[in-house]
Amino acid sequence: MAHTDDHSGHDHIGHDHGPGHVHGSTDKKRVLIAACLTGGFMVAEALGGILTGSLALLADAGHMLADSIALGLAWYAFHLAGRPATIRLTYGFGRVKTLVAYTNGIAIFVIALWIVYEAWGRLQAPAPVLGGPMLVVAILGLLVNIGAFFVLHGGDRESLNMRGAILHVLGDLLGSAAAIAAALVILATGWTPIDPILSVLVSLLILYTAWSLMREAAHVLLEGVPPRLDRDLIARDLEATVQGVREVHHMHVWSLDGTSNMATLHACLDEGVDAHQAVSAVKKRLASEHGISHATVEPEFGQCADDGDEHDHGHGHEAAAYHDHHH
């Protein structure tokens with residue numbers, strides 16, 4: 001039976017121009033405002049860190065440098081995602097956001113590790129820190145970060161790119177809070193090791209959150225099944241609910257950008273069933289019940305077209321195992 005594809009390919013790309021597109025344009029503005037706020041204050045905080053000798057301030061400025069670059073990249077990713085698909089990039093630029101989220105995670109990792117290394121040196125040989133000016137700069141930093149956080153917080157919480165941006169600003173917020181606490185301790189007791197100790201605590205917290213963001217982004221990039229979906233359950237649901245569908249196999253479910261889900265599958269039909277009607281019913285079921293907006297369904301009668309064919313091996317071990325189980 002001929003391969004029946006989804007001829008509404010353009011509709012799929014257009015999905016982003018529904019409610020998601022509204023989210024995208026406001027998210028884009030939010031990210032740009034946050035990038036300007038963090039980038040502007042980062043310079044002041046770096047100078048403050050150098051003048052006061054505070055690692056906590058320098059650590060926070062380091063975070064803010066990475067964050068302003070990351071927020072700039074996040075803005076560019078939103079900008080690209082709005083572009084239509086091309087002949088070479090048939091899915092469009094939606095996945096750029098996931099790539100940026102992954103890159104952001106790596107950037108935070110590197111900076112956090114540098115701060116831990118620097119803090120270790122400071123603990124070995126404590127340096128003098130000016131508590132008063134440090135406190136002023138840290139309080140200003142906290143206010144700027146709170147502003148950036150609230151700008152981003154109103155955005156789309158489902159977007160990996162947006163979550164990456166919020167994560168950066170949250171890291172800055174914690175960094176500023178740690179710098180304030182360190183400055184207060186130094187002013188009260190003169191004990192300077194508190195400065196590198198609190199920098200390390202903030203770094204460890206940020207390392208943990210960066211790891212979870214990278215893991216999610218990597219799952220999308222590896223075409224993993226979206227966390228809220230179960231491929232085997234979806235296949236069984238289609239077999240149980242769509243009239244004329246005897247069996248579903250060779251099923252792949254993935255997400256383009258962490259929000260829009262896609263699937264390809266073979267639907268083995270009972271003899272005499274209208275293939276077009278069955279395919280339409282499968283697509284409707286996938287969209288309404290499972291949130292899969294774009295599906296390619298290959299209807300079959302009798303033997304699977306890929307049986308005993310070399311093409312079968314191209315589906316990967318997981319799909320092959322699934323295929324064997326169902327045959």
Side-chain angles (χ1 to χ4, degrees), residues 1-16 85 87-92 94-95 98 160 215-327:
M1 177 53 88
H3 185 89
T4 305
D5 205 340
D6 186 354
H7 295 291
S8 57
H10 294 291
D11 293 345
H12 163 68
I13 302 303
H15 271 292
D16 287 345
I87 294 168
R88 301 292 298 161
L89 293 166
T90 55
Y91 279 130
R95 193 157 274 188
T98 312
L160 266 180
R215 199 175 55 201
E216 281 187 53
H219 188 74
V220 172
L221 293 172
L222 288 168
E223 311 279 16
V225 177
R228 294 183 195 84
L229 301 178
D230 183 321
R231 181 194 65 173
D232 295 5
L233 282 178
I234 294 170
R236 281 197 289 273
D237 173 66
L238 292 173
E239 289 165 358
T241 58
V242 180
Q243 206 172 0
V245 174
R246 191 172 80 246
E247 182 197 11
V248 169
H249 55 264
H250 275 330
M251 185 169 191
H252 297 271
V253 181
W254 73 101
S255 175
L256 199 60
D257 56 4
T259 50
S260 55
N261 302 322
M262 316 181 80
T264 59
L265 60 101
H266 290 194
C268 194
L269 308 178
D270 293 324
E271 289 301 326
V273 169
D274 184 312
H276 178 74
Q277 271 187 343
V279 168
S280 297
V282 166
K283 289 188 181 191
K284 283 197 185 91
R285 182 76 184 173
L286 287 170
S288 62
E289 291 300 312
H290 304 290
I292 295 170
S293 52
H294 179 96
T296 302
V297 182
E298 183 176 322
E300 297 168 345
F301 293 94
Q303 195 184 7
C304 172
D306 290 342
D307 271 358
D309 193 55
E310 278 181 31
H311 179 65
D312 186 43
H313 299 291
H315 284 270
H317 296 298
E318 186 197 10
Y322 183 67
H323 179 265
D324 294 343
H325 167 71
H326 275 259
H327 280 282

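No experiment lies behind these values; they were computed from the predicted model shown.
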Pairwise distance [atom1]([X]) to [atom2]([Y]) - rounded to 0.5 angstrom:
X      : Y      : atom1 : atom2 : answer
His250 : Leu265 : NE2   : CG    : 11.0 Å
Lys283 : His294 : NZ    : NE2   : 7.5 Å
Thr296 : His266 : OG1   : NE2   : 10.0 Å
Met262 : His252 : CE    : NE2   : 13.5 Å
Lys284 : Thr241 : NZ    : OG1   : 13.0 Å

Problem - Student check: side-chain heavy atoms of Val253 and His290 closer than 4.5 Å - result: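 Counting from C-beta outward, Val253 and His290 never come under 4.5 Å.
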Problem - Within-4.5 Å side-chain heavy-atom neighbours: Arg231 and Ile234 - result: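 In short, these two side chains do not touch, never coming nearer than 4.5 Å.
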[X] versus [Y], closest heavy-atom pair with distance:
X      : Y      : answer
Ala217 : Thr98  : O-CG2, 3.5 Å
Asn261 : Pro226 : OD1-CG, 3.3 Å
Leu269 : Ala275 : CD1-CA, 3.8 Å
Asp270 : Phe301 : O-CE2, 3.2 Å
Ala295 : Leu286 : CB-CD1, 3.6 Å
Val273 : Gly244 : CG2-CA, 3.7 Å

Quick one: does [X]'s side chain have a donor or acceptor within less than 3.5 Å of a partner on [Y]'s backbone?
X      : Y      : result
Arg285 : Leu238 : no
Glu239 : Val248 : yes
His219 : Val225 : yes
Ser255 : Ser260 : yes

Problem - Pair His249-Glu300, side-chain donor/acceptor within less than 3.5 Å - result: yes
Practice task
Just grab all the salt bridge (Lys or Arg N to Asp or Glu O under 4.0 Å) pairs involving residues 215-229, residues at least two apart or on different chains.
Solution key: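 Every pair satisfying salt bridge (Lys or Arg N to Asp or Glu O under 4.0 Å) with a residue in residues 215-229: Arg95-Glu223, Glu158-Arg228, Arg163-Glu216.
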